[in-house]
Amino acid sequence: MEQQTEVKKKVMLSGIQPSGDLHLGNYLGAVKNWAELAEEFDCYYFMADLHSITVRQTPADLRRRSVSQLAQYIACGLDPAKNTLFIQSHVHEHAELGWILNCYTMFGELSRMTQFKDKSAKNAENINGGLFTYPALMAADILLYQADYVPVGEDQKQHCELTRDVAIRFNNLYGETFKVPDPYIPKVGARIMSLSVPGSKMSKSDPQGCVFIMDSPEEISRKFKRAVTDSDTENCVHFDPVNKPGVSNLMNIYAAVTGLSFEAIEHDFAGKGYGAFKPAVGDAVIEALRPIREESTRMISDKEYLREVYTDGAQRATAVARKTLRKVYKRVGFVEKPF
Ligand code: TYM
């Protein structure tokens, strides 16, 4: 008789805050890479709505974006049959483990987080406790699923490292409880910069320098034509992030959407200058995003289908999260719930 051995797949998990529409940084740094992982890994992706309220949101917009982000995930190639897609607040274990891990995360560690420093500078009137302890909730998101890898852009590396430290600390105190995860950062596209201020990362807070997945082709084209480059009189398309941050960012985007190497791009645009390069990058991005925009637009109106997907996702996620949380409750000394 043939021996059947089921090999357990490694776990991938990631999330995006539905605090704005998905942009090219989220796509190239994160979602684009997720779609390719479904066969090899057991994948969990969620809308991080609990994280979003660390910054004030308009409730109706948050609700709408949490669902439209799901449509965008699917349009980016995440098949709900092969990936567990859910809304974070539907799985209450996140908030529960988040609280517990708060008690194992140090004030000094949280104070060093650059995202906290950036966001508190931008939201000086609302530096709330959640903004500060946010990384403990992110650690809970990851550790609940015993994730092996966390596919994120460069800016989330620090939070992933803190997650590792918290997991190791907990395991040392109570015995092996959590898998210690590794960040999984793409070689190209991990840090997309603003088109208008190439020294800052692309983010929704700077709409002129930010290309949204749902932008029309005309808008995308306009944003790339206006992209800030440099004053090199030769207009040389050359990869040099220190001296040519604008052009290097455009090359990074072009490489990420076309799969071309930097050498090939330099070769193709030798002597052609920025005047030819900027619209070429815009056109490549328009073509890469077109099917995603069209599919998202179609799917957003299918509320029933999206509801089915996030219901099924939350059920599957809960089954896994519950197991880990039960183990943690026991480890820290909580009395077993009698019902
Ligand atoms: P968020 O919502 O800011 O961003 C979502 C993903 O997009 C990546 N990203 C970028 N990549 C390249 N260039 C950019 N300009 C750029 N901007 C954003 C981010 O690195 C991220 O992968 N804390 C997380 C959300 C989160 C999470 C988690 C992630 C909550 N829980 C658990 C992983 C695992 C955040 O604020 O990402």
Is there a donor-acceptor pair closer than 3.5 Å between any side-chain N or O of N249 and the backbone N or O of M193?
yes
Side-chain donor-acceptor contact under 3.5 Å, Y274 with D230:
yes
Side chains of E266 and H238: donor-acceptor distance under 3.5 Å anywhere?
yes
Within the distance-only criterion (no hydrogens, no angle test), does the side chain of D283 pair as donor or acceptor with the backbone N or O of A280 below 3.5 angstrom?
no
Return the set of residues passing ring pair (Phe, Tyr, Trp, His ring centres under 6.0 Å) with F132 (not counting sequence neighbours), or none when no residue passes.
F107, F116
Got a second to check how far R65's CZ is from Q72's CD, nearest 0.5 Å?
10.5 Å
Fit a plane to each ring of F178 and F170, take the angle between them on a 0 to 90° scale, and name the class: parallel (under 30°), tilted (30 to 60°) or perpendicular (over 60°).
tilted
Are any of the side-chain nitrogens in R322 or E96 under 4.0 Å away from the carboxylate oxygens of its partner?
no
Inspect the contact between E39 and K82 and indicate whether a charged nitrogen and a carboxylate oxygen are less than 4.0 angstrom apart.
yes
Verify the distance criterion only: is there a donor paired with an acceptor across the side chains of Y145 and E93 at less than 3.5 Å?
no
Ring-ring centroid check F86 Y310, cutoff 6.0 Å:
no
Within the structure provided, determine whether E287 and P217 are in side-chain contact (heavy-atom separation under 4.5 Å).
no
Is any side-chain heavy atom of Q17 closer than 4.5 Å to one of D49?
no
When you compare the side chain of F224 with that of V211, does any pair of heavy atoms fall below 4.5 Å?
yes
Name the orientation class of the two ring planes belonging to H159 and Y134 (parallel below 30°, tilted from 30 to 60°, perpendicular beyond 60°).
tilted
For K32 and G29, indicate whether the former's side chain and the latter's backbone hold a donor-acceptor pair under 3.5 Å.
no
Are L250 and K278 side-chain neighbours, meaning at least one heavy-atom pair lies under 4.5 Å?
yes
Ring center gap for H267 and F262 short of 6.0 angstrom:
no
Can you find a side-chain donor-acceptor pair between S19 and Q57 that sits under 3.5 Å?
no
Answer yes or no: is there an ion pair linking D215 with K223, defined by an N-O contact shorter than 4.0 Å?
yes
Any N33 side-chain heavy atom under 4.5 Å of P151 side chain:
no
How far apart are the closest heavy atoms of A38 and C43, and which atoms are they?
CA-SG, 4.0 Å
Donor-acceptor contact below 3.5 Å, side chain S261 vs main chain A264:
yes
For L260, does the CG atom sit with more than 12 other heavy atoms under 6.0 Å from it, leaving out its own atoms?
yes
Rounded distance [0.5 Å steps], NZ in K10 versus OH in Y184:
12.0 Å
Return yes if some donor-acceptor pair links the side-chain N/O of N83 with the main-chain N/O of L85 below 3.5 Å, else return no.
no
